[in-house]
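In what follows, a single structure is set out as structure tokens and then discussed.
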Amino acid sequence: MNTKRSEELYKKALTLMPGGVNSPVRACRNVGRTPLFIDHARGDKIYDADGSEFIDYVCSWGPNILGHAHPRVVDAVKNAVESGLTFGACHEGEIVLAETIKRHFPSMELVRLVNSGTEAVMSAVRVARGFTGRSRILKFEGCYHGHSDGLLVKAGSGLLTNAAPDSAGVVRSSAESTLLASYNNEDSVSQVFEKYGGDIAAVIIEPCAANMGVVPPKKGFLQFLRNITKEYGALLIFDEVITGFRLSIGGAQQYYGIKPDLTTLGKIVGGGMPLAAYGGRHDIMECVSPIGSVYQAGTLSGNPVAVSAGVETIRIIEESTDLYTVLEERSALIEASMRKAGINVNRVGSIITPFFTKKVVSDYDTALSSDTNAFAWYYSYMLENGIYTAPSQFEAMFVSYAHTDESIEYTCRTIENFKR
Ligand SMILES: *Cc1c(COP(=O)(O)O)cnc(C)c1O
């Protein structure tokens with residue numbers, strides 16, 4: 001593999017940005033490689049600065065459900081750009097996107113548009129605290145909710161212990177109000193509620209976890225969370241930044257049939273542009289400024305160019321009659337190939353993670369049992385065979401509507417030939 005130009009660029013980037021990157025996982029340090037610099041991308045392919053072509057299963061970490069640079073989305077963005085890049089004022093596109101979101105996520109009775117998943121979650125948590133007048137948040141080990149202070153907590157902390165910050169620069173006090181439980185473990189949740197129940201503003205969860213690798217919720221687990229939060233007067237927040245418009249057009253809440261109080265969306269909802277959203281029950285969202293006392297604002301929130309990409313992307317999803325069936329079929333083929341190659345795998349719809357462990361991966365501890373050296377080996381094998389996947393064991397492989405039968409077939413064959 002020729003990576004000369006990427007290496008040159010990386011060397012230069014190292015002098016300008018911490019680790020040479022604008023988001024840490026791009027650095028490929030986990031897999032002992034230097035990152036590829038991308039020149040352009042189209043459909044299911046991504047092309048690096050040295051002219052190599054790859055079949056892309058990173059899909060920008062989730063947004064590209066239609067593949068790269070879908071012509072209709074690109075046209076919508078071009079048209080929007082012609083009318084002005086940002087107004088800092090109301091425009092009709094915001095209404096169209098909010099209506100679109102609400103149509104598919106009926107639990108989101110009122111919606112706010114923001115700029116990143118981090119911002120959406122941070123705001124939803126503030127609203128939950130403002131609405132309930134309580135301070136604590138319960139999250140699950142191994143779930144990622146963006147990089148706001150209170151949610152960056154050591155995922156290895158024991159149950160019932162107040163979380164220690166997982167990052168330098170986060171003061172203990174802002175992590176202390178975050179409580180931890182184990183994913184798929186009802187007892188761990190009950191114990192936290194017994195001790196802190198009256199002070200828990202919200203339980204936040206990835207309704208299908210995808211940031212410790214894909215870990216689906218066990219049957220009944222989300223319903224259990226719905227019941228216990230109701231019992232204690234806490235809110236249930238679904239962080240659907242990955243699962244929204246991914247597991248189904250109505251996200252995980254439609255897929256699993258559970259209605260949360262608040263929902264956060266990101267990634268697909270912005271169609272590849274920096275846009276995210278949060279929303280939920282009318283009475284809760286009425287706490288948000290200017291009608292309520294929870295402050296949240298944004299110079300570029302509801303940006304017309306970003307909104308145009310989101311609206312057009314969802315419109316294409318709505319118009320397609322077979323998108324989720326096709327994603328399911330193609331993803332099932334990849335899962336089957338992994339099993340043939342003796343790789344353990346978790347898959348829900350079009351998100352897939354290969355695990356290098358004999359254990360059933362159902363929570364953070366079992367995810368951590370995966371052999372990351374074996375993963376690094378697999379990663380390099382795939383890359384050198386022209387298949388671009390996330391350079392970390394604890395991420396998902398994303399299948400898009402743009403992946404052709406030919407690409408899927410080639411991917412399956414390559415996986416089946418993998419030997420350690
Ligand atoms: C990506 C992600 C976020 C953070 O979104 P950003 O746009 O990267 O800030 C939050 N929650 C989940 C579940 C995510 O996957």
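Ligands are counted one by one from 1 in listed order, and the atoms in each one are counted from 1 as well. On a predicted model such as this, the values are computed, not experimentally measured, just so you know.
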#### Entry: OH (Tyr295) with more than 12 external heavy atoms under 6.0 Å
no

### Task
Using protein heavy atoms only, decide if any is under 4.0 Å from atom 11 (N) of ligand 1.
yes

### Task
Compare His145, Lys267, Glu395 and give the one whose heavy atom is closest to atom 14 (C) of ligand 1.
Lys267

### Query
Given Pro63, Gly62, Ala209, Gly117, which one has a non-hydrogen atom that is nearest to atom 5 (O) of ligand 1?
Gly117

### Message
If the cut-off is 4.0 Å to any non-hydrogen atom of Ser116, which atoms of ligand 1 fall inside it?
### Response
7 (O), 9 (O)

### Task
Examine the proximity of ligand 1 to Asn211 and report which part, side chain or backbone, both or neither, has a heavy atom under 4.0 Å away.
side chain

### Query
Considering only heavy atoms, which of Leu265, Ile205, Asn115, Asp239 lies nearest to atom 13 (C) of ligand 1?
Asp239

### Query
Around Arg226, counting heavy atoms of other residues, nucleotides and ligands shown, do more than 12 lie under 6.0 Å from its CZ?
yes

### Atom indices of ligand 1 within 4.0 angstrom of Glu206 heavy atoms, with elements
13 (C)

### Task
Describe, in one word, how the ring planes of Tyr57 and His403 are oriented to each other, choosing from parallel (under 30°), tilted (30 to 60°) and perpendicular (over 60°).
parallel

### Message
Using a 4.0 Å cut-off to any heavy atom of Ile242, which atoms of ligand 1 qualify?
### Response
15 (O)

#### Entry: Any donor-acceptor N or O pair under 3.5 Å, side chains Thr264, Asp239
yes

### Query
Do other residues, nucleotides or ligands put more than 12 heavy atoms under 6.0 Å from the CZ atom of Arg281?
yes

### Query
Relative to the ring of Phe356, is the ring of Phe375 parallel (under 30°), tilted (30 to 60°) or perpendicular (over 60°)?
perpendicular

### Query
More than 12 foreign heavy atoms under 6.0 Å from NE2 of His147: is that the case here?
no

### Element-labelled atoms of ligand 1 that are located less than 4.0 Å from some non-hydrogen atom of Thr118
4 (C), 5 (O), 6 (P), 9 (O)

